[in-house]
Amino acid sequence: MADLAGHRALVTGGGRGIGRAVALDLARAGVAVAVAARTRADVETVAAEISDAGGRAVPVTIDVTEPASVSAAFASAREALGGLDILVSGAGIAITAPLARTPDALWRQVIETNLSGTFYCMREALPAMTKAGWGRVVNLASLAGKTGQRYIGAYAASKHGVIGLTRCAALEVATTGVTVNAVCPGYVDTPMLEAGVARIVEKTGLSADTVRQQLADTSPQKRLYTAEEVSALVLFLCGEEARGINGQALSVDGGSVF
């Protein structure tokens with residue numbers, strides 16, 4: 001595990017799934033973590049888990065779709081931790097619908113959460129990082145940011161956008177000691193996936209086990225991935241050994257895309 005002692009991170013989507021795994025792993029590596037999400041109870045639970053294990057963490061409430069909420073969350077985290085030099089943007093939603101039956105509200109919700117939220121957080125984080133001469137930004141994109149599938153138009157568009165935004169930001173800060181990268185998982189066994197499975201079961205009448213196996217079968221490895229596998233890559237990208245990796249969209253997908 002990387003030694004990141006002395007660094008301070010804000011992790012959005014930190015209350016569940018991949019974000020929770022990232023927050024826990026960063027804390028184990030010596031990072032003081034602001035665990036951020038909309039649901040206060042979730043971030044308090046994760047922050048307490050970190051504190052009980054001897055780490056340092058603070059819970060922060062954030063709505064990444066609202067710039068004012070993002071600014072307030074960053075201010076609160078900086079005050080509590082003394083600054084921020086790592087940002088992991090993990091907040092996201094996945095809602096499916098055929099393109100022709102995608103309501104305006106659904107489109108806006110997905111784009112605002114996944115893409116605009118990533119933008120608002122980077123806009124808050126990067127100036128202080130570049131001024132300090134060191135920083136790490138890791139944006140949680142998706143395999144859907146590199147490929148297309150039926151019924152995920154809004155989600156895929158948002159994640160393609162996250163990858164594009166990551167590449168542009170990386171070039172802007174390339175000479176400053178800051179790196180910006182994206183991680184693109186395939187289907188990860190998280191509460192978000194379980195919610196998706198439940199929706200498919202409701203619409204198709206298939207069993208949950210059948211749906212999970214169908215999702216696993218989309219991987220060349222014929223399995224779902226774990227939040228900890230994704231977190232391990234995030235942790236590596238935050239380390240000094242990854243300083244030459246910038247503007248990349250790295251997959252955890254068993255070889256689905258190259």
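Annotation: salt bridge (charged side-chain N to carboxylate O under 4.0 Å, His left out) contacts of Glu229 (sequence neighbours excluded): Arg223. Every residue meeting the salt bridge (charged side-chain N to carboxylate O under 4.0 Å, His left out) condition with Asp42, not counting sequence neighbours, appears here in chain and number order: Arg16. Taking Pro67 as the reference, Tyr120, Arg123 meet the side chain to side chain contact (heavy atoms under 4.5 Å, CB included) condition, with sequence neighbours excluded. Among residues two or more places apart in sequence or in another chain, the side chain to side chain contact (heavy atoms under 4.5 Å, CB included) test is passed with Ala216 by Gln213, Leu224. For Leu171, the side chain to side chain contact (heavy atoms under 4.5 Å, CB included) test picks out no residue, with sequence neighbours left out. Residues meeting the side-chain hydrogen bond (donor to acceptor under 3.5 Å, both in side chains) test with Asn181, sequence neighbours left out: none. Scored by the salt bridge (charged side-chain N to carboxylate O under 4.0 Å, His left out) test, Arg56 finds no partners at all (sequence neighbours excluded). In this structure Glu66 satisfies the side chain to side chain contact (heavy atoms under 4.5 Å, CB included) test together with Asp63, Ser69, sequence neighbours excluded. Residues meeting the salt bridge (charged side-chain N to carboxylate O under 4.0 Å, His left out) test with Glu194, sequence neighbours left out: Arg212.
At a threshold of 4.5 Å between non-hydrogen side-chain atoms, the residues Val43 and Val60 do not count as touching. Side-chain atoms of Thr147 and Ser256, non-hydrogen and from C-beta on, never get closer than 4.5 Å to each other. Two residues are said to be in side-chain contact when any heavy atoms from C-beta on lie closer than 4.5 Å; Pro59 and Val35 fail this criterion. Looking at Leu237 and Arg136, their side chains never come closer than 4.5 Å, going by heavy atoms from C-beta outward. Thr226 places none of its side-chain heavy atoms less than 4.5 Å from the side chain of Asp189. Looking at heavy atoms from C-beta onward, Leu140 lies in side-chain contact with Val230 at the 4.5 angstrom threshold. Considering only heavy atoms from C-beta on, Val64 comes within 4.5 Å of Cys121 through its side chain.
For Ile245, the CD1 atom sits in a packed shell: over 12 heavy atoms of surrounding residues, nucleotides or ligands are nearer than 6.0 Å.
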Ignoring hydrogens and angles, write down the donor-acceptor pairs under 3.5 Å from the side chains of residues 128-135, residues two or more places apart or on other chains.
{"from": "Thr130", "atom 1": "OG1", "to": "Leu126", "atom 2": "O", "distance (Å)": "3.1"}
{"from": "Thr130", "atom 1": "OG1", "to": "Pro127", "atom 2": "O", "distance (Å)": "2.9"}
{"from": "Trp134", "atom 1": "NE1", "to": "Glu240", "atom 2": "OE1", "distance (Å)": "3.0"}

Would you mind writing out the side-chain donor-acceptor pairs for residues 78-91 within the sub-3.5 Å range, not counting sequence neighbours?
{"from": "Arg78", "atom 1": "NH2", "to": "Glu124", "atom 2": "O", "distance (Å)": "2.9"}
{"from": "Asp85", "atom 1": "OD1", "to": "Arg8", "atom 2": "N", "distance (Å)": "2.9"}
{"from": "Asp85", "atom 1": "OD2", "to": "His7", "atom 2": "ND1", "distance (Å)": "2.9"}

Give every donor-acceptor pair under 3.5 Å between a side-chain atom in residues 197-208 and any protein atom, sequence neighbours left out.
{"from": "Arg199", "atom 1": "NH2", "to": "Ala94", "atom 2": "O", "distance (Å)": "2.8"}
{"from": "Thr204", "atom 1": "OG1", "to": "Ile200", "atom 2": "O", "distance (Å)": "2.7"}
{"from": "Thr204", "atom 1": "OG1", "to": "Leu206", "atom 2": "N", "distance (Å)": "3.2"}
{"from": "Ser207", "atom 1": "OG", "to": "Thr210", "atom 2": "N", "distance (Å)": "3.1"}
{"from": "Ser207", "atom 1": "OG", "to": "Thr210", "atom 2": "OG1", "distance (Å)": "2.8"}

- Task: Could you please spell out the steps behind the side chain to side chain contact (heavy atoms under 4.5 Å, CB included) verdict for Leu4 and Leu235?
- Result: CA-CA 9 Å; Leu4 294 168; Leu235 197 68; 4.0 Å; yes
- Task: Evaluate the criterion side chain to side chain contact (heavy atoms under 4.5 Å, CB included) for residue pair Val46 and Ile50; output intermediate values, then yes/no.
- Result: CA-CA 6 Å; Val46 176; Ile50 290 170; 4.3 Å; yes
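Val137 and Leu233 are not part of a single hydrophobic cluster, where members link through side-chain heavy atoms under 4.5 Å apart.
Under the 3.5 Å distance criterion, with hydrogens and angles disregarded, a donor-acceptor pair is assigned to the side chains of Ser231 and Asp25.
In this structure, the side chain of Ser158 engages the main chain of Tyr155 through a donor-acceptor pair within 3.5 Å.
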